[in-house]
Amino acid sequence: MSDDTRWMQRALELARHAEAEGEVPVGAVIVLDGQIIGEGWNQPISSQDSTAHAEIMALRQACQTMENYRLPGADIFVTLEPCVMCAGALVHARIRRLVYATAEPKTGAAGSCVDVFSLPNLNHRVELDPGLLANESSQLLRHFFRSRR
């Protein structure tokens with residue numbers, strides 16, 4: 001098993017945790033030099049905070065771990081393509097690479113709806129690596145939304 005797969009599997013575990021708490025099942029893991037420095041899962045409902053997306057929660061923890069608001073060289077593994085807010089935060093944090101499982105055609109900001117990462121005036125580029133464990137993530141999301149209908 002590749003390291004990328006292992007990190008995405010951990011993000012899927014975090015997504016399941018979010019689901020168990022009644023949140024949309026999205027998980028995120030930030031890795032630097034082969035070590036997890038931040039993790040998060042969706043928490044906007046339980047925290048009553050519209051910014052408490054999995055990526056933001058993972059960034060907050062990683063920045064505290066590293067005692068820096070920038071995370072050069074770090075990779076983030078997310079179970080769902082980030083929204084505009086999260087994509088912007090990844091650029092500001094200087095994340096090296098974004099690996100995401102499932103595309104989000106309604107709000108995805110890594111190419112599905114818009115592509116924040118290709119805006120020409122940005123002074124940092126995030127590498128994109130989509131589709132890792134996409135089926136597992138898609139199934140988790142489909143199951144969650146079917147159970148809500």
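- Q43 places no side-chain N or O within donor-acceptor distance of the main-chain N or O of A52, the cut-off being under 3.5 Å.
- Side chain of E23 to backbone of S46: a donor-acceptor contact under 3.5 angstrom is found.
- Note on V91: it clusters hydrophobically with M66, by side-chain heavy-atom contacts below 4.5 Å among ILVMFWY residues.
- The backbone N or O of G111 sits less than 3.5 Å from a side-chain atom of E81, completing a donor-acceptor pair.
- Summarising the geometry of A74 relative to I37, their closest heavy-atom pair is CB-CD1, 4.5 Å, with the distance given to 0.1 Å.
- Hydrophobic clustering (ILVMFWY, side-chain heavy atoms < 4.5 Å, transitive): L98 and L133 are in distinct clusters.
- Atom CZ of residue R142 and atom OG of residue S137 lie 9.5 Å apart, to the nearest 0.5 angstrom.
- The CG atom of D75 lies 10.0 Å from the CD1 atom of I30; values are rounded to the nearest 0.5 Å.
- V99 and L71 are not part of a single hydrophobic cluster, where members link through side-chain heavy atoms under 4.5 Å apart.
- Hydrophobic clustering (side-chain heavy atoms under 4.5 Å, transitive across Ile, Leu, Val, Met, Phe, Trp, Tyr) groups V29 together with M8.
- If you take CZ on R94 and NE2 on H92, they are separated by 8.0 Å, rounding to the nearest 0.5 Å.
- With hydrophobic clusters built from ILVMFWY side chains whose heavy atoms lie under 4.5 angstrom apart, W41 shares a cluster with L132.
- Few gaps surround NE2 on H124; more than 12 heavy atoms of other groups in view lie less than 6.0 Å from it.
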Quick one: do Q139 and T102 satisfy side-chain contact (heavy atoms from CB on, under 4.5 Å)? Show the steps, please.
-> CA-CA 10 Å; Q139 285 179 328; T102 304; over 6 Å; no
Going through the checks in order, is the side-chain contact (heavy atoms from CB on, under 4.5 Å) test met by D4 and R97?
-> CA-CA 11 Å; D4 284 1; R97 182 172 65 125; 2.9 Å; yes
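- Residues C83 and E104 form no side-chain contact, since every pair of their non-hydrogen atoms from C-beta on lies 4.5 Å or further apart.
- To the nearest 0.5 Å, atom SG of residue C63 and atom CZ of residue R70 are 10.0 Å apart.
- In this structure, SG on C86 lies 11.5 Å from CD1 on I95, to the nearest 0.5 angstrom.
- Classification of the F77-W7 ring pair by plane angle, with boundaries at 30° and 60°, yields tilted.
- Side-chain contact check for P25 versus N42: every heavy-atom pair is 4.5 Å or farther apart.
- The CD atom of Q9 sits 12.5 Å away from atom CG of L14, with the distance rounded to the nearest 0.5 Å.
- Between T51 and R60, the side chains place a donor N or O and an acceptor N or O closer than 3.5 Å (distance only, hydrogens not considered).
- The existence of a salt bridge linking E13 and R16 is excluded, since no basic side-chain nitrogen approaches an acidic carboxylate oxygen closer than 4.0 Å.
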Would V24 and F145 count as a side-chain contact (heavy atoms from CB on, under 4.5 Å) if you check the C-alpha gap in whole Å, the side-chain angles of each, and the deciding distance to 0.1 Å?
-> CA-CA 8 Å; V24 175; F145 286 111; 4.0 Å; yes
Could you go through the side-chain contact (heavy atoms from CB on, under 4.5 Å) check for L140 and T79 one step at a time?
-> CA-CA 10 Å; L140 186 61; T79 59; over 6 Å; no
